[in-house]
K.L.:
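The structure's right below; bear with me while I get my questions together.
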Amino acid sequence: MLRAPLFAATKRAMSTSTATNAFHSRFQQYALQLDATNERRERLVKASRDVTIHSKKVIFVIHRLNDSNRDKIVEQAEKDLAAVRDAHVSRVAREVEGVDYWKLKRAFSPGMQEFVEAATVVEFCKTGKLLTLQQLNSSLCGVKDASGVSFSVDIDDYLLGIADLSGELMRLAVSSAASGQGLEASARIRGFVQALYEGFCLLFYNVDGGRDMTKKVEVMLQSLVKIETTCYSMHVRGSEYPASIVDS
Amino acid sequence: MLRAPLFAATKRAMSTSTATNAFHSRFQQYALQLDATNERRERLVKASRDVTIHSKKVIFVIHRLNDSNRDKIVEQAEKDLAAVRDAHVSRVAREVEGVDYWKLKRAFSPGMQEFVEAATVVEFCKTGKLLTLQQLNSSLCGVKDASGVSFSVDIDDYLLGIADLSGELMRLAVSSAASGQGLEASARIRGFVQALYEGFCLLFYNVDGGRDMTKKVEVMLQSLVKIETTCYSMHVRGSEYPASIVDS
Amino acid sequence: CGAMEQFESFRAEMDASNAVREQLRSAVSELDNATRLMNAALLPIHHSSSGDSIKKAKSYLPEIRKAYMELTAIIKARPEEYYKYHDYWRNQTQVVVSLLAFSHWLETGDLLSHADAQELLELKKEDFFLDLDDYLVGLCNMSSELPRYVVNQVVAGAYDCPERVSLFLSDLYSAFRLLNLRNDHLRKRFDGLKYDLKKVEEILYDVKIRGLLTGKESKTPEETK
Amino acid sequence: CGAMEQFESFRAEMDASNAVREQLRSAVSELDNATRLMNAALLPIHHSSSGDSIKKAKSYLPEIRKAYMELTAIIKARPEEYYKYHDYWRNQTQVVVSLLAFSHWLETGDLLSHADAQELLELKKEDFFLDLDDYLVGLCNMSSELPRYVVNQVVAGAYDCPERVSLFLSDLYSAFRLLNLRNDHLRKRFDGLKYDLKKVEEILYDVKIRGLLTGKESKTPEETK
Amino acid sequence: CGAMEQFESFRAEMDASNAVREQLRSAVSELDNATRLMNAALLPIHHSSSGDSIKKAKSYLPEIRKAYMELTAIIKARPEEYYKYHDYWRNQTQVVVSLLAFSHWLETGDLLSHADAQELLELKKEDFFLDLDDYLVGLCNMSSELPRYVVNQVVAGAYDCPERVSLFLSDLYSAFRLLNLRNDHLRKRFDGLKYDLKKVEEILYDVKIRGLLTGKESKTPEETK
Amino acid sequence: CGAMEQFESFRAEMDASNAVREQLRSAVSELDNATRLMNAALLPIHHSSSGDSIKKAKSYLPEIRKAYMELTAIIKARPEEYYKYHDYWRNQTQVVVSLLAFSHWLETGDLLSHADAQELLELKKEDFFLDLDDYLVGLCNMSSELPRYVVNQVVAGAYDCPERVSLFLSDLYSAFRLLNLRNDHLRKRFDGLKYDLKKVEEILYDVKIRGLLTGKESKTPEETK
Amino acid sequence: CGAMEQFESFRAEMDASNAVREQLRSAVSELDNATRLMNAALLPIHHSSSGDSIKKAKSYLPEIRKAYMELTAIIKARPEEYYKYHDYWRNQTQVVVSLLAFSHWLETGDLLSHADAQELLELKKEDFFLDLDDYLVGLCNMSSELPRYVVNQVVAGAYDCPERVSLFLSDLYSAFRLLNLRNDHLRKRFDGLKYDLKKVEEILYDVKIRGLLTGKESKTPEETK
Amino acid sequence: CGAMEQFESFRAEMDASNAVREQLRSAVSELDNATRLMNAALLPIHHSSSGDSIKKAKSYLPEIRKAYMELTAIIKARPEEYYKYHDYWRNQTQVVVSLLAFSHWLETGDLLSHADAQELLELKKEDFFLDLDDYLVGLCNMSSELPRYVVNQVVAGAYDCPERVSLFLSDLYSAFRLLNLRNDHLRKRFDGLKYDLKKVEEILYDVKIRGLLTGKESKTPEETK
Ligand SMILES: [Mn+2]
Ligand SMILES: [Mn+2]
């Protein structure tokens, strides 16, 4: 008898204004928090997209490489890569500090992985070596997060990035075989990807990130086999006739 | 120089007869082992199919139950169930002993689960109680495996079987609501399935069998909600008018 | 190509991270166990006196707090990695919140606040906090129990229950609408909330149209027992 | 309805079974670790001297044996339940067999037998045996490494390698055909074996047709280094 | 290798088979169209006098028969291929059966039998029959229209309708219970029948407790208008 | 072979097309935002005075129009590519239509026509039109809100609401039946409409059988408040 | 409503149909077994004298015929249901055809015709025929064995084999191109045939460019042994 | 509610749209047929004189143009719906482009440009254009035919063919490298192009080391016959 009319009154009150809702003010607080995170996430997604797009362009530049333009192309790619870092990776860095790095990681991981792919492919073309995570992070030391700490790529993104690197190297190996030369270039790629693959096989992956990684290692092996097969077919063809005849 | 002709000879030898294959005799041993297991598995699959088909028929008999034929139907179902046990469950039992019980479990699990479903639904219709695993296994004490040990249903099959039981009880509840009576019968089913569900929620499932179980518990909750909703709609309708009017 | 040394060091780092994961797994397994028992204890609310169920459910709170203390100890050592390992305790935490919020509502008719939830779990905010999303998902989980609760209450004769729950869910629903939900997990759960509200409205309709509501005294859920 | 007591007892039983599972998980995690290292050690076979790789790979055998001893200790206590928990060690065991069989073939040119594999792992047959299917899947796994091995050997100038591997795989293939494989996992792996054989036959063809095979001396894989 | 002549004849055969498919497609498209119109004509039954609707619906029967005559002509020439092309007309046939069975019940209060359905469609059993499963699914389809029909009839004041429908559905339900249905499509449809019956029972109850039924004489659906 | 110059121009073309996609993405994101806010503003209709909700909802119309102006600007330059990019705005447009049609019905009791919808959105038909399918799906979306609306209206005492909505939906339903819907998305949504109508008819039945309807005069939705 | 008697007869009919399925399952299991053995017997063709393999393979023909006799006995009683149960024997039949066609080609260099295949299987066309699609898929299956066969023949020194196979496949390929294949399973298999032909042409190229072909006389596959 | 008139007009509109689809289906079926015949006519290029094949292939051009004229007629009336129906003719158009580009290269050694392809098909750009992606996919399709062509040409003694094809594919490859391809269908096809080029390079190498190329003057493919 007592509460029934009370409820009815509450309902009528509610009908004209939502201000009386007991927990509205709390939810307004929650809304502020969620909005802040969401806006940050949105900015990160955009920055990450840009990092991806421009890193892919660097990789495309590398694929235009041939024996005659090597130095020019590598120089260009290095310049472009630095531009991606300064213009876009810096935008990612700015949004992440403290606990938010891991909270928002999914928003910027794809971009950073592509950046790793681009940076390592450029380094390989320049020196034939693997750009290590430490070297990569040194090159990012000027890129600061919101609290002024240097931004860095973590192991997972680095590994996922260099897993994709093997696919690009496969393309390079096939290209150089297709250009009718490059026995040596292909052999270099073969050795490099073999070492990479063996490195990956040493690691083991925890359940969460593991699924991604396992699949990537499988793709990596496929790329490696393609590279090895390319070397093999150049080799057997080259062995069929003495070198003297071929060169003539 | 030495091994090349040897290999060639081996090859020719092979070409005319496979007997020289170094490890054929070993593989013939392996084949015997595999064949024995496979034949056993085939027999189990067939026996399990028969257990399933005939258990389903028992359940169909139960679904023909109504207020007037209860005793006759339950008696019939009990007789049929005993026949399934003697004619088909015994065939399953005969094939499994020792380590093979678990090795070949997948071949006979479906049948045993359906048997559990049939046995528990009959028991519920007869006594309104849950046939416990212990009671069930006592009823199987005459069914011996190859080494003369009594065959028994394990917890997993029992649980999976009674998870499906809730679906059949839901059908019974809807039927009895549909037959325009059965407020009491539905309430009994409601209490029974609520208890079952709470029992299931107490357990936790390991990863392997867990996935099956989690899904079954979800389906169980759906059945329970359907039963509760059936009771609810009978209740609100019954509450609308004084009982005196309804009875008149 | 110098890759090997690097991978050796990665391996060391990953071993360390796996050790953390082992510890987390063990703490979460305790949390999971206690949560399951708490859930099973609260379930009879659908057919028995709610007082006993709530009391029994609450008796598992110390165990749950203990599990969170262990989690806190592990994460405190690496404060920036809370979200790296979030998935380990996320599901259980959402269930815990839903159980606490349901009990709280049963007892008081009020919504358990984010701050109160953290306090109940005795979390030290600076070391290990309750993620806001998890809290909100927990509320949605709770809401999905309510239609079933209302159905069973009506069967038990508590005809005013649909109206109370409808008002509560309606308030909760409009509160949620204040949030700008993106197209994510939370949004889907919020759609579920809408569905729960609709369900309860239909029950209220059933009761109202049959004249079962008028003239009955309104009680808190507790009193109806 | 008397369900509760029964479920309480089930819970106890399941707790026990979960304890076993925890022990198994830990033993298998060691096995997994050692297997991974063994695999990584054997991989350089594709480009370096095989002697070193095999030696390094074998150095992990004691660790692997230790893990199987732990598994044996757990299963020995419940001999009938070997297959209940089989999934825990199944994958790793198949990998172990493939690594052992590959090393064995590299050293001797022979196929590692089921009995020899059990002996190498120091399994006590009555307590913990090597499942026949796992052994056979392991052989298929090994076969899938061979086309890649042959390709790399040819690049290293070992032109007789394709013929040797082709004969070995052909023998293995006809041996497998003695088995009545049902439509199961093993049958699919066997189809893979056929594909591997076809691959190697094509390499043999490449070498033969170019006259790279004739007149060269045949060596064991070891000697070609 | 002599393949050419043989393949020329195959080509003829396959072109013929493609032609059959084209013919079937065309016949089924007519069937589909007529069925849709029949359905649209019968649906106003829910709000208007049933006499007109049934009459209008029936006016499409010649068209439907014509479509089946075309199908018959096609299949008659290849009797063993009925099931090869069954999927072409399966859905439409199920809808046709449900419409005919509904009309038949509206007019007579009886269940349209399998034989009568074939007759109505003027199928010559030896050339083109009505598949039993299709007939049974058609009956389930019809049953799912009945609760809505009863609701609208009661709103229109035909208070005896629930009782008649309830008796009819009860009979149908017991009949279906005779079948040993495999766990397939048909069993699910049968579960639906149960819910339809329950719904009608509830309406019958509503009408009964309000004394709306008493003293009224039972009439055919037609007469209640 | 002269390919180079041609591909340079292709490159420019493809880069341009990627730029268009970026612009569309941004315009649609604004549309999405405004639609979501409009939706949130209209929803309290279920519990409060409809006047306020509609007014608030309409206040987002300028923002929505602005987003469509941006889309128009992009597409106007490439009229033949409207359907190339249709998927970008399709979902949002369907929601916008459903909100406008619902408001319109609440205010007038009439169905918002296709032409009126285009006008409300200030689309210039020759540059950017409202796809017919999207309009129709929007109507189906709206219909799915009506059963809940009716339930809440009856609870609030507006007993004549079911009859009005039933008539409206029944009209809409017959109108849809005029269309020859292919077996596509729209057809499924139309089946939903049938279900909504059935639901409303059941509520009308409930009200009617309890004598709650008689003697009340029919009013527009607004007046019932 | 007289439904009961009708449904009793339906029950009998459905139980009978289930019995047919059980019989088919058993007959097909025999067919499957014999086919597998025949396949295993024929495969050594790649490495050994073909005469023995073919003879051994043919020794399973009586068993296969027996299985088809059982199928015939079942289907003969219900000729119009051939395609209702077609899926039961479809796969096995395709494999049988491929094995027979391969043997036939090895012996005669000719393509096994559809009619001859039926005769070999002793099918009585009016009771149980060989579906044309199954025959054609069988031919595609056979073609996929040929590249491997050619590779192994060349390794064994039969340098004229590629040319013969290339001509055979080329003929088969042009014959297939006569058919208007719809976008179905068969079309995909036909694409495989094109790939097989390409592969054999490459081998022919290898042999030709190295001057291995000239001056050799063409022989039947048998004679090259 | 005035819906009826509106929906009558919708019905007209949708019937019109369905009619368009029927027309498109029919036009595309002709296109498909002509394309298939053109393809069949061009394929013997691998084994016979190319002159005849090209001539025969070209004889289907009028039919193909006719089909495009029909498509144009349909789309011209609704220019903004080109992409609404694009899927209807997409696949066939890609095949047509590949056939035209192949013939064009065979005759001239040049790459068929986008503009020339449109002209050959007599498309009026403002009414019905050739989508750029379709053109590029068509080029990739063509490239995948070239390795097989080179193999067969060398077998037939045309030793200069590999060099010409290699130069052509190289150019095409560099041209494609100019494009910034998103990770989609086209990029995968482009990867295929790379393999085609590699294969041709290998054949060129084979021919070179055997001194088969030297001293021969380069001819168009036609002249080598
Ligand atoms: Mn990449
Ligand atoms: Mn069941």
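Values below: every heavy atom of this structure, side chains too, minus hydrogens, waters and symmetry copies. The shown structure was predicted, so the numbers you read here are calculated from the model rather than taken from an experiment. So that the names make sense, note that chain A is the first sequence line, chain B the second, and so on, each numbered from 1.
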K.L.:
Determine, for F:R36 against F:D32, whether the closest basic-nitrogen to carboxylate-oxygen distance falls under 4.0 angstrom.
P.N.:
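A salt bridge links F:R36 with F:D32.
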K.L.:
Can you pull out the residues in residues 190-199 of chain F with any heavy atom less than 4.5 Å from chain E?
P.N.:
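Residues in range: F:K194, F:L197, F:K198.
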K.L.:
I'd like to know if the side chain of E:R189 and the backbone of E:H185 have a donor-acceptor N/O pair within less than 3.5 Å.
P.N.:
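Absent.
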K.L.:
Are F:K58 and F:E107 close enough, and set up right, to give a salt bridge (Lys or Arg N to Asp or Glu O under 4.0 Å), and what steps lead you there?
P.N.:
CA-CA 12 Å; F:K58 279 184 165 174; F:E107 289 185 318; 3.1 Å; yes
K.L.:
Around atom NZ of F:K84, are there more than 12 heavy atoms of other residues, nucleotides or ligands at under 6.0 Å?
P.N.:
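Yes, the 6.0 Å shell around NZ holds more than 12 heavy atoms from other groups.
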K.L.:
Where does F:S170 contact chain E at under 4.5 Å (heavy atoms): side chain, backbone, both or neither?
P.N.:
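Side chain only.
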K.L.:
Would you tabulate the side-chain donor-acceptor contacts of residues 93-104 of chain F under 3.5 Å, counting partners in other chains and residues two or more places apart, or write 'none'?
P.N.:
{"residue": "F:T93", "atom": "OG1", "partner": "F:Y68", "partner atom": "OH", "Å": "2.7"}
{"residue": "F:T93", "atom": "OG1", "partner": "F:W89", "partner atom": "O", "Å": "2.8"}
{"residue": "F:Q94", "atom": "NE2", "partner": "F:D134", "partner atom": "OD1", "Å": "3.1"}
{"residue": "F:S98", "atom": "OG", "partner": "F:V95", "partner atom": "O", "Å": "2.7"}
{"residue": "F:S103", "atom": "OG", "partner": "F:L99", "partner atom": "O", "Å": "2.9"}

K.L.:
Can you find a pair of side-chain heavy atoms, one from F:E122 and one from F:I64, that are under 4.5 Å apart?
P.N.:
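No; the side chains remain at least 4.5 Å from each other.
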K.L.:
Would you mind checking which part of E:L43 comes under 4.5 Å of any heavy atom in chain F, side chain (CB onward), backbone (N, CA, C, O), both or neither?
P.N.:
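Only the side chain of E:L43 comes within 4.5 Å of chain F.
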K.L.:
If you count heavy-atom pairs under 4.5 Å between each of E:V154, E:V207, E:N152 and chain F, which one has the most?
P.N.:
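Ranked by heavy-atom pairs under 4.5 Å with chain F, first place is E:N152.
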K.L.:
With only heavy atoms counted, which part of E:D206 is less than 4.5 Å from chain F, the side chain, the backbone, both or neither?
P.N.:
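Both parts, backbone and side chain.
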K.L.:
Indicate yes or no: does E:D87 engage E:R90 in a salt bridge with an N to O separation below 4.0 Å.
P.N.:
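Answer for the salt bridge query: yes.
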K.L.:
Using side-chain contact (heavy atoms from CB on, under 4.5 Å) as the criterion, point out the one residue from E:L167, E:L204, E:V151 that pairs with E:P162.
P.N.:
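The residue from E:L167, E:L204, E:V151 that satisfies side-chain contact (heavy atoms from CB on, under 4.5 Å) with E:P162 turns out to be E:L204.
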